[in-house]
Amino acid sequence: MDKIKLNKLPTHVAIIMDGNGRWAKLKKLKRVEGHSVGIESVREIITTTRELAIPYLTLYAFSKENWARPKDEVTTLLTLLSVYLEEELPLMMDQGICFNIVGELEDFPKKLQRQIAGVIQKTADNSNLHLNIALSYSGRREIIHAVKAIVEDVKKGVIKKIDEKIFKKYLYAGNIPDPDFLIRTSGEMRLSNFLLWQVAYTEIYVTETLWPDFRKKAYLEALREFTRRERRFGKVQEG
Ligand code: IPE
Ligand code: IPE
Ligand code: MG
């Protein structure tokens, strides 16, 4: 296999981690076991991102719409998140990972909110990799949230004009670059309400591989494909 062109890697990778349930079903396991094994993929993808010195990674872990899933599945997902954060914190400190979330933190149980806030605070000065996890996230709600904040700031006279640059600052992670590359596992050709504003010119890659099977090799394959893409941003093809 060709060597990956490191200078052509994306700056910001976003991933819709899908297919845990189908993976479990194929193995005749419970859906929640798919989520458990999916955590191993999360670890491997974060470590690889760090090794490749890609500075921004956003992972879609739980959508606003996912609250409508059966209660026991939601409870398991929250428990897995809490255990994950506890186990990963030392590694985040070792690897210089700055953790943040995008989404509606207030939807979570108070104890988990405090734990998340603690990890954000402890890792705030790390700068090797900015890891954003989308939790209780909805792209449409993010846009409405931004619009409301803009209206307030216009009323207060904090801002006088609204353009794309200013609008972006009001998004949850308004200070980071838009994703260059969006990966969705398990074959679904949809955005499922993820980063609607930010993906305007993002390169999209959909793989049939289910999230629990999406490990380093599959990730490198996806990144290699990105390095071969020609981005045009509406301009005429080069050469
Ligand atoms: C992704 O896997 C994880 C979450 C959405 C929390 P799914 O649970 O959506 O798995 P499928 O799509 O049912 O296979
Ligand atoms: C998208 O997956 C959300 C996450 C990966 C967290 P879903 O499984 O919820 O999306 P749909 O229902 O297939 O669109
Ligand atoms: Mg799914």
Side-chain angles (χ1 to χ4, degrees), residues 12-46 48-49 56-85 87-88 99-109 112-113 115-116 119 131-145 171-173 179 181-199 202-215 218-219 222:
H12 181 177
V13 177
I15 307 182
I16 303 176
M17 309 185 289
D18 198 15
N20 293 350
R22 275 162 283 173
W23 183 91
K25 197 171 176 198
L26 277 171
K27 298 223 159 1
K28 302 204 172 12
L29 300 168
K30 295 200 179 99
R31 290 179 59 83
V32 294
E33 302 193 60
H35 298 315
S36 274
V37 178
I39 300 260
E40 293 308 313
S41 297
V42 172
R43 289 202 171 94
E44 202 163 313
I45 297 316
I46 292 173
T48 306
T49 307
Y56 299 95
L57 176 66
T58 301
L59 300 177
Y60 200 6
F62 193 82
S63 71
K64 190 84 184 174
E65 291 77 22
N66 287 149
W67 289 108
R69 291 192 177 195
K71 199 167 174 284
D72 62 339
E73 181 172 346
V74 171
T75 309
T76 307
L77 284 167
L78 299 191
T79 308
L80 282 173
L81 173 64
S82 174
V83 171
Y84 171 79
L85 288 175
E87 288 179 358
E88 280 324 271
F99 173 86
N100 228 318
I101 75 145
V102 290
E104 302 183 15
L105 188 59
E106 61 277 17
D107 291 343
F108 291 93
L112 186 55
Q113 285 188 35
Q115 188 186 6
I116 292 170
V119 178
L131 169 66
N132 282 325
I133 310 271
L135 291 172
S136 198
Y137 177 85
S138 147
R140 285 187 169 176
R141 290 178 68 101
E142 178 179 34
I143 290 169
I144 290 182
H145 177 267
L171 296 172
Y172 295 138
F181 195 36
L182 171 68
I183 299 171
R184 181 163 188 153
T185 58
S186 88
E188 242 59 77
M189 302 274 186
R190 55 178 171 257
L191 289 171
S192 301
N193 212 357
F194 191 42
L195 303 178
L196 299 181
W197 169 276
Q198 296 88 334
V199 296
T202 302
E203 293 295 324
I204 298 175
Y205 177 92
V206 176
T207 171
E208 291 294 327
T209 304
L210 304 170
W211 178 252
D213 289 330
F214 191 79
R215 300 297 168 96
Y219 187 34

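Whatever order the structure lists ligands and atoms in, that order sets their numbers, starting from 1.
Ring planes of Phe108 and Trp67: tilted class, angle from 30 to 60°. Ring pair Tyr137/Tyr60 is perpendicular by interplanar angle, where above 60° counts as perpendicular and below 30° as parallel.
Ser136 places no side-chain N or O within donor-acceptor distance of the main-chain N or O of Leu105, the cut-off being under 3.5 Å.
Checked options Arg141, Glu65, Arg140, Lys64; the residue passing with Asn193 is Glu65 (criterion: side chain to side chain donor-acceptor pair (under 3.5 Å)). Applying the side chain to side chain contact (heavy atoms under 4.5 Å, CB included) test between Pro179 and each of Ile204, Ile15, Thr202 identifies Thr202 as the sole match.
Remark: among candidates Trp211, Tyr60, Phe194, the nearest residue to atom 3 (C) of ligand 2 is Tyr60, based on non-hydrogen atoms. For atom 2 (O) of ligand 2, the nearest non-hydrogen atom from the set Glu65, Arg184, Met17, Arg22 belongs to Arg184.
Residue Arg69 has at least one N or O atom closer than 3.5 Å to an N or O atom of ligand 2. Ligand 2 has no N or O atom lying under 3.5 Å from any N or O atom of Glu188, backbone or side chain. Residue Phe62 places no N or O, backbone or side chain, under 3.5 Å from any N or O of ligand 1. Any N or O atom pair closer than 3.5 Å counts here, and Asp18 shares at least one such pair with ligand 1.
The shortest separation from a heavy atom of Gly34 to ligand 1 is not under 4.0 Å, leaving the residue out of contact. For Ser186, the closest heavy-atom approach to ligand 1 does not fall below 4.0 Å.
Remark: ligand 2 atoms within the under-4.0 Å shell around heavy atoms of Ser192 are 1 (C), 10 (O), 11 (P), 14 (O). Those atoms of ligand 1 with a heavy atom of His35 less than 4.0 angstrom away are 3 (C), 8 (O).
Scanning all heavy atoms of the two residues, the minimum distance from Gly38 to Trp211 falls at O-NE1, 3.0 Å. A pairwise comparison of heavy atoms in Ala14 and Leu195 identifies CB-CD1, 4.0 Å as the closest pair.
Scanning the protein heavy atoms around atom 12 (O) of ligand 2, the nearest turns out to be Arg190 NH2, 4.6 Å. Among all protein heavy atoms, the one lying closest to atom 10 (O) of ligand 1 is Gly21 N, 2.9 Å. Atom 9 (O) of ligand 2 has its closest protein heavy atom at Asn66 ND2, 2.9 Å. Shortest contact from atom 6 (C) of ligand 1 to any protein heavy atom: Ala61 O, 3.3 Å.
Side-chain contact of Ser41 with Tyr219: a donor-acceptor pair under 3.5 Å is absent, judged by distance alone. For the residue pair Asn66/Ser63, the side-chain donor-acceptor check at 3.5 Å is satisfied.
Asp18 contributes atom OD1 as its closest N/O/S atom to the Mg ion (ligand 3).
Within a 6.0 Å radius of CZ in Arg43, more than 12 heavy atoms belonging to other residues, nucleotides or ligands are found.
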